[in-house]
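Right, one structure below, let's go through it.
Naming convention: chains lettered A, B, ... in sequence-line order (proteins, then strands); numbering from 1 in each chain.
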There are 2 protein chains.
Amino acid sequence: MLRLSKFTDYAVVVLTRLEEAEEGGVLTAPGLAAATGLGEPTVSKVLKILSHAGLVESRRGAAGGYRLTRPLSQMPLTEVIAAIDGPIALTACVDNSFGVCDAEATCPVRGRWDPVNDAIRRALSGISIADLAGAPPGLPHAAPVAAE
Amino acid sequence: MLRLSKFTDYAVVVLTRLEEAEEGGVLTAPGLAAATGLGEPTVSKVLKILSHAGLVESRRGAAGGYRLTRPLSQMPLTEVIAAIDGPIALTACVDNSFGVCDAEATCPVRGRWDPVNDAIRRALSGISIADLAGAPPGLPHAAPVAAE
DNA sequence: TGCAAACCGTACCTATGCGGTCCTGTTTCA
DNA sequence: TGAAACAGGACCGCATAGGTACGGTTTGCA
């Protein structure tokens, strides 16, 4: 079905919330869980991944929390997907894998998915989280990608 | 990881084989299995799906088999993906689904994945199976992935 | 007319991986 | 010193993909 994981969706939700409350302060994982309606452990897990990827900054301690490192408009969707779901590739055959495919010898499409993956990456590279989060209240950016 | 099912990969392999042997004749599922190195039941399953989707024609009986309905150059990848994996959509939230998301009320990205899906569809719409199958017979695509 | 080959449809089983939770540290502030 | 929050694992259950098997129907050929 060509789906990506729910966590990617969660990440977008969480990141959006983080930007909304970006007043120089931080938001806690429990706070974000309450705000988004997601489970606390789940939100925490997402934030950890995003923190590793450098998309959010964490601050430990009693007054700790999370903060965006970049505005969402400068955060490409590909980075979030790569952080959560791993490298963007449609098939396992793509990344240099040998021996995993039993039809290796006779398979006529080995490595042929590359242009497809490239096309996908190009299509996604132009989309930022801000495009997904929609306009900050007041800013209507009418159909940025819908055109064409 | 944004992957699509193995069956889509198999479908491309099988379709490619079908075009190679397209001499007005048909290829049987067992024959295709032997030619591709895949399991007979698996190949059979793929062919059934492709048959339902109208990508291949089946002929029953002793001299039966499968045949392409269109040259691969006129067979967009999106049709194969749609046939095997279902409609191209990254998340369940996209198609008008209500009640499936527990964070529905507070989720700020509901329906926002649409531009992403559109971008993916556009990126894939220009690719045909022939583009994946690559060279017409005679062109040795020796170890296309061996590099790296 | 009977047999064999091949497609058709469905149901079933197994394994992988996602989604979700929990627990034990470590850090920081009041 | 205690409480709050992040860090980083391990762990478990469930859904779904991937693969298999079986009974039935169609068709060509001896």
Side-chain angles (χ1 to χ4, degrees), chain A residues 1-11 13-14 18 25-67 81 83-86 90-93 100-103, chain B residues 1-11 13-14 18 25-67 81 83-86 90-93 100-103:
Chain A
M1 207 229 277
L2 226 168
R3 62 205 280 205
L4 47 80
S5 70
K6 279 188 179 181
F7 275 71
T8 304
D9 199 2
Y10 296 162
V13 175
V14 168
L18 271 176
V26 296
L27 284 184
T28 67
L32 282 166
T36 57
L38 303 173
E40 291 190 23
T42 300
V43 170
S44 190
K45 198 173 190 176
V46 170
L47 286 168
K48 283 177 206 169
I49 298 174
L50 294 178
S51 177
H52 278 116
L55 300 178
V56 302
E57 278 177 349
S58 66
R59 188 177 175 183
R60 306 182 64 164
Y66 293 94
R67 198 170 57 119
I81 294 179
I84 304 281
D85 290 329
L90 287 180
T91 60
C93 280
V100 298
C101 178
D102 49 352
Chain B
M1 206 226 279
L2 225 166
R3 60 205 283 205
L4 47 79
S5 71
K6 280 188 179 181
F7 275 73
T8 305
D9 199 1
Y10 296 164
V13 175
V14 168
L18 271 177
V26 296
L27 283 184
T28 67
L32 281 167
T36 57
L38 303 174
E40 291 190 22
T42 300
V43 170
S44 190
K45 199 173 189 175
V46 170
L47 285 168
K48 282 178 209 168
I49 298 174
L50 295 177
S51 177
H52 278 114
L55 301 178
V56 303
E57 279 178 348
S58 65
R59 187 175 177 186
R60 307 182 64 165
Y66 293 94
R67 198 171 58 119
I81 294 179
I84 304 281
D85 290 329
L90 287 180
T91 60
C93 281
V100 298
C101 179
D102 49 351

**Fill in**
Considering only heavy side-chain atoms of B:F7, the closest of C:dG19, D:dG18, C:dG20 is D:dG18

**Item:** Non-hydrogen side-chain atoms of A:T42 and A:Y10 separated by less than 4.5 Å
**Value:** yes

**Item:** Side chain A:R59 and base C:dT27 donor-acceptor under 3.5 Å
**Value:** no

**Message:** Among D:dG18, C:dG20, D:dA3, which nucleotide has an atom closest to any side-chain atom of A:A62?
**Reply:** D:dA3

**Asked** Do any side-chain nitrogens or oxygens of B:S51 fall under 4.0 Å of OP1 or OP2 in C:dC7?
**Response** no

**Request:** Quickly work out the B:K6 NZ to C:dA15 P distance and round it to whole Å.
**Result:** 14 Å

**Prompt:** Hey, does B:L32 have a side-chain heavy atom less than 4.5 Å from the side chain of B:V46?
**Reply:** no

**Request:** Report yes or no: is there a donor-acceptor pair, N or O only, under 3.5 Å between the side chain of B:R60 and the base of D:dT27?
**Result:** no

**Request:** Kindly say whether A:E40 contributes a backbone atom to a donor-acceptor pair with the side chain of A:S44 at under 3.5 angstrom?
**Result:** no

**Flag, side chain of B:S51 to backbone of B:L47, donor-acceptor distance under 3.5 Å** = no

**Asked** For the base of C:dG9, is there a side-chain donor-acceptor partner from B:K48 under 3.5 Å away?
**Response** yes

**Asked** So which nucleotide from C:dT21, D:dA7, C:dC29 ends up closest to the side chain of A:Y66?
**Response** D:dA7

**Donor-acceptor pair under 3.5 Å, A:K45 side chain vs C:dG19 base** = no

